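Written below as C-alpha cells is the structure these notes are about.
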2 protein chains.
Amino acid sequence: MPDLSLEAIDQQLIHLLSQRIELLSERSPSSSTTPVDTELQKAGVPPFVWNSLVTSCTAALATRPLRHPDEPQRRITLIGGRGMMAQFFGQRFQAAGHEVRLLGRQDWPQAPELLQDIDLALVCVPIDRTLEIIRQTAGYLSPTATLADITSIKGPMLETMLAAHPGPVVGLHPMFGPGVESFLSQKVVICPGRDRPAWQWLVELMARDGGDLVESPPDEHDQMMVTVQAIRHFATFGLGVFLAQDGIEVGRSLELSSPIYRLGIDMVSRLFGQDAELYADIMLANGDRREAIARLAQTFQVLAKQVQAKDRKGLIEAMNAASETFGSETERAVRESDRLIEAMSILLAADRVVDSASAASSPPDME
Amino acid sequence: MPDLSLEAIDQQLIHLLSQRIELLSERSPSSSTTPVDTELQKAGVPPFVWNSLVTSCTAALATRPLRHPDEPQRRITLIGGRGMMAQFFGQRFQAAGHEVRLLGRQDWPQAPELLQDIDLALVCVPIDRTLEIIRQTAGYLSPTATLADITSIKGPMLETMLAAHPGPVVGLHPMFGPGVESFLSQKVVICPGRDRPAWQWLVELMARDGGDLVESPPDEHDQMMVTVQAIRHFATFGLGVFLAQDGIEVGRSLELSSPIYRLGIDMVSRLFGQDAELYADIMLANGDRREAIARLAQTFQVLAKQVQAKDRKGLIEAMNAASETFGSETERAVRESDRLIEAMSILLAADRVVDSASAASSPPDME
C-alpha cells in the first residue's frame, strides 16, 4: 500500500465521510452499525474512535442547509445587538444569508431606519429592561413585522408584546448560553403569540440547524423554569459559594477528580465566570422562584441534620422515596451520562496527548 | 466514482483511521489539525463530524496494548468479586491476559486455594466491611503477594493493610463508577504502602489503558474527598430529594431542558439509581464529612434568606467573592464544558435521528 501523507489521508477520509452521510440519509440509520470489532482490533483502531465516528455521522442527518431554497431573504434587527446571545442569533441569521442590523443602547436616534421595513425585531436585552424595550420597539414597527424576545420568563413578555404590537408576535426562550456554535440539539421553547405563518420561517431556520424546538404555553414554561433554571442555578451557586468559603484548592481538586466529578466542578466554575447580575435576576425574578429556593434550603437543612445525627436509616429512606420520582428516568440517565462520561474521557485524553507532545517538543533554548 | 456499499465505505474508513493514528503516533499530534473548512463544506460534512474524528484519533494515542510483551501472566484474586467494580477490574485484567479468581461472601471455605500463590489480592467489598475483610484476607497471603483495596477512604485502610500483611501493599481509589468501559481518562488515586516494585505492573496496566493516575498521601486524599465526593454527593442528593418532594415532572422537565440542564438533571437521576447504602456510607463516613455537610446546608440557608429578602446586591457580592476562588479555573471550565455540551449535542442529535427513523419505519399493521 502506498505511504500516504496526513493531508492525503484526511482528504480521503472527508470524501468517505461525505459518502457515508449521504448513504445513511437514504436508508434507515438504525441499521448503520456494522459489526466490525475484530476488524477494528486487527487495524489497531480503539472501538471508541469508531463509535464516535458512527455517532457523529448519524447526528449529521439532524442538520440541513440553514435556509430553504424557496425562502426569501429576511431583514432582521437585533435589539441589544452587542450582547452575546444577539451575536449568536446574528451569526446564524447571516449564515442563512439574511440581512442583519444591530440596535444597541446608543442607536435609538437611528431607530426609524433600523426598525422600519424589517421582517423581524428580536429583543435581546437584559431581563429587567425587556418590558420597557418591547414597548419602545413596537412603536417603530410596521404591522407586518414580527416582534419577538428571548427572555427566560415568558408570561409577562408575551402579554406586553401582544398589547404593544398589533402584528405577528412570538416568544422564544433559547435554553442555552452563548458558548454553542449552532442550534444542534439545543432546546428552544416557543410560545406562540399571534399570526404564526409570519414567523414560521424563523422556527424552520432553527429546526434546519438541528435545534430541538418545543412549544409550551407561557404559564407552563414559567412554572417549569422555577425548577430547571432558578433551582438548579441556586444549587450550583450555593455549592460554589460554600467551596470558596471552605478554602477549596480548585486546581488540586481537579487533579484528583474523575471526568464525572470534574464535570460537576466545571459546572460550578462555569457559573462563576458568567454575569453575576444575570444570575441574580434569574433567581430573584418572581415570588415562585424565591419561595422554591427557600424550600430547597430547608430540605438541605433537614437532610444535613440527619447526617449529623448519623441517621443512616433515615437517609436511605429519603433516597428510596425520591427514587420513585426519578424511577423511570434513572435507567436512561445512567445510560446517557455513561456515554457522556466516555465523550469527556475522549476529550481529556486528547488534551493530555497534545499537552505531553508539546511539552516534549519545546525548544531547548526555552530552558 | 464507484457506488460503494456502507460496508465497503466502513472498511476503507477503518483502514484510513488506522493509518491516521499510526502516522500521528510518529509526529507531533498538535500539528494534526489540517485546515479543511472549505473542503468540508464542499463535501457536505458538518464540521462537528470532522472535529470529533480528529479528537478521537488523538485520544487513541493515549492508549496502548494492555499488557507489555515482557510482562508475565499474573494470578489475581478479587475479593467481593461479584460486585460491579470488581467485575470491571476483572474484565480489564482478563483483557490483559492475566488469570482472575473471584472470592465472594460464600467462598471463604475455599480461601486457601483462592488466595495462596497469587500475585495480587484486591479487596472490593463495601466500605463498612473493608477493614474486617482486609484482616481476614491477609491471613491467607504469601509474603510476596500484594494486598490492595479500592475503598474511597484511604487512611484507615492503608494503616490496616500495612499492619495485617508484611508484604507489598498499595491503596487505590478508582474515582469512577462501574459504567465506564476502560480506564481511559479515569482518575485512579494511588496511595503507595510498601514494596512498590511488586505492584508497579498494576500501575502500568492502568496507565497503558489510558488511566490518569495520581499519587496522593492518604491524609491529603481523605481531606480532598470531603470536598469532591461527600459534599458533591450531598448537594446532588439534596437537590433530588427537593425536586421529588416538590413534585417535579421529570420527563416534561427534560423535554424543556437544553443539554446542559439535562446533564444536571441526569446527574441527579443517576444518583437515585445507585446503591442508597453506598451513598449514605460515603456521606456519613467520618466527622469531617458530616461537619462539612452541615456547613454546606448553613451556606444554603444564608443565601436563601438573601434571595427571600430580594437582596440583589448581596447576592452579586457573594458571587463576585466566590469568583476569586474559581478565577483561574473559570476560563478552562467554560471552554471544557462548551466542548462537552457539543459532545452531548451530537449524542442527542444522533438519538433523535434514530428515533424518528424507527418511528417512520414501524410497520403499518402496528397502528
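No experiment lies behind these values; they were computed from the predicted model shown.
- In this structure, Asp338(A) and Arg270(B) have side chains that are in contact, with non-hydrogen atoms separated by less than 4.5 Å.
- With a threshold of 4.5 angstrom between heavy atoms, Leu271(A) approaches chain B through its backbone and through its side chain.
- You'll find the side chain of Leu6(B) reaches within 4.5 Å of the side chain of Arg20(A), heavy atoms only.
- Atoms CD and CG, on Gln308(B) and Leu284(A) in that order, are 11.0 Å from each other to the nearest 0.5 Å.
- Between chain B and the options Thr236(A), Val188(A), Leu315(A), heavy-atom pairs under 4.5 Å are most frequent for Leu315(A).
- Looking at every heavy atom in both residues, Phe272(A) comes nearest to Ser323(B) through O-OG, 3.1 Å.
- Side chains of Lys42(A) and Ser18(B) form no contact here, defined as non-hydrogen atoms less than 4.5 Å apart.
- Between Ile21(B) and Pro46(A) the shortest heavy-atom distance is CD1-CD, 4.0 Å.
- Both the backbone and the side chain of Val334(A) come within contact range of chain B, with heavy atoms under 4.5 Å apart.
- With chain A as the partner, the residue from Ala43(B), Ala59(B), Pro47(B) showing the most heavy-atom pairs under 4.5 Å is Ala59(B).
- The shortest distance between side-chain heavy atoms of Leu256(A) and Lys187(B) does not fall below 4.5 Å.
- Chain B forms the most heavy-atom pairs under 4.5 Å with one residue out of Glu342(A), Arg295(A), Met283(A), and that residue is Arg295(A).
- In this structure, chain A has heavy atoms under 4.5 Å from both the backbone and the side chain of Leu347(B).
- Atoms CD and CG, on Gln186(A) and Leu348(B) in that order, are 9.0 Å from each other to the nearest 0.5 Å.
- Evaluated for a side chain to side chain contact (heavy atoms under 4.5 Å, CB included) with Thr55(A), the options Ile346(B), Val354(B), Val49(B) yield exactly one hit, Ile346(B).
- Of all non-hydrogen atoms in Ala349(B) and Ser185(A), the two that sit nearest each other are N-OG, 3.1 Å.
- Contact of Met344(A) with chain B is made through backbone and side chain together, with heavy-atom distances under 4.5 Å.
- Residue Leu340(A) touches chain B through both its backbone and its side chain, counting heavy-atom pairs closer than 4.5 Å.
- Side chains of Met267(A) and Leu263(B) form a contact here, defined as non-hydrogen atoms less than 4.5 Å apart.
- Chain A forms the most heavy-atom pairs under 4.5 Å with one residue out of Ala62(B), Gly264(B), Ala322(B), Pro174(B), and that residue is Ala322(B).
- For Ile14(A), the parts lying near chain B are the backbone and the side chain together; criterion is any non-hydrogen pair under 4.5 Å.
- Nearest approach of Phe326(B) to Ser269(A), heavy atoms of both residues: CD2-OG, 3.5 Å.
- With a threshold of 4.5 angstrom between heavy atoms, Asp212(A) approaches chain B through its backbone and through its side chain.
- In plain terms, the two heavy atoms of Ala280(B) and Arg312(A) that are nearest each other are CB-CG, 4.3 Å.
- Using a 4.5 Å cut-off on side-chain heavy atoms (C-beta onward), Asp246(B) and Thr227(A) make no contact.
- If you take CD1 on Ile9(B) and NE2 on His15(A), they are separated by 8.5 Å, rounding to the nearest 0.5 Å.
- Most heavy-atom pairs under 4.5 Å with chain A: of the set Gln229(B), Glu22(B), His221(B), this distinction falls to Gln229(B).
- Most heavy-atom pairs under 4.5 Å with chain B: of the set Ala294(A), Ser337(A), Pro65(A), this distinction falls to Ser337(A).
- For Phe234(B) and Phe300(A), the gap between ring centers is short of 6.0 Å.
- Atoms CG and CG, on Leu16(B) and Leu4(A) in that order, are 7.5 Å from each other to the nearest 0.5 Å.
- Ranked by heavy-atom pairs under 4.5 Å with chain B, the list Leu239(A), Thr330(A), Ile341(A), Val214(A) is led by Thr330(A).
- Atom-to-atom distance recorded for Leu296(A):CG and Gln301(B):CD is 10.0 Å, nearest 0.5 angstrom.
- Heavy atoms closer than 4.5 Å to chain B are found in both the backbone and the side chain of Val307(A).
- The residue among Gly210(B), Gly247(B), Ser52(B), Gly44(B) with the most heavy atom pairs within less than 4.5 Å of chain A is Ser52(B).
- Heavy atoms closer than 4.5 Å to chain B are found in the side chain of Gln245(A), but not in its backbone.
- Ranking Ala343(A), Ser253(A), Gly251(A), Ser216(A) against chain B, the residue ahead of the rest is Ser253(A), based on heavy-atom pairs under 4.5 Å.
- Residue Glu220(A) touches chain B through its side chain alone, counting heavy-atom pairs closer than 4.5 Å.
- Residues forming a side chain to side chain donor-acceptor pair (under 3.5 Å) with Glu255(A) (at least two apart in sequence, or on another chain): Arg252(A).
- The parts of Val241(B) that come within reach of chain A are both its backbone and its side chain, each placing non-hydrogen atoms under 4.5 angstrom from that chain.
- Judged as a salt bridge (charged side-chain N to carboxylate O under 4.0 Å, His left out), the pairs with a partner in residues 256-267 of chain A (not counting sequence neighbours) are, in order, Arg262(A)-Glu336(B), Asp266(A)-Arg332(B).
- Most heavy-atom pairs under 4.5 Å with chain B, from the set Ala318(A), Ala321(A), Cys57(A), Ala292(A): that is Ala292(A).
- Scanning both residues, Ser257(A) and Met175(B), for their nearest heavy atoms gives CA-CE, 4.3 Å.
- Listed options Leu17(B), Val180(B), Val268(B), Asn320(B) were ranked by heavy-atom pairs under 4.5 angstrom with chain A; first place goes to Leu17(B).
- Side-chain contact between Leu53(A) and Leu13(B): present, with at least one pair of heavy atoms (C-beta onward) separated by less than 4.5 Å.
- If you measure heavy-atom distances from Thr299(A) to chain B, the contacts under 4.5 Å come from the side chain alone.
- The existence of a salt bridge linking Asp351(A) and Arg339(B) is confirmed by a sub-4.0 Å separation between a basic side-chain nitrogen and an acidic carboxylate oxygen.
- Only the side chain of Leu243(B) comes within contact range of chain A, with heavy atoms under 4.5 Å apart.
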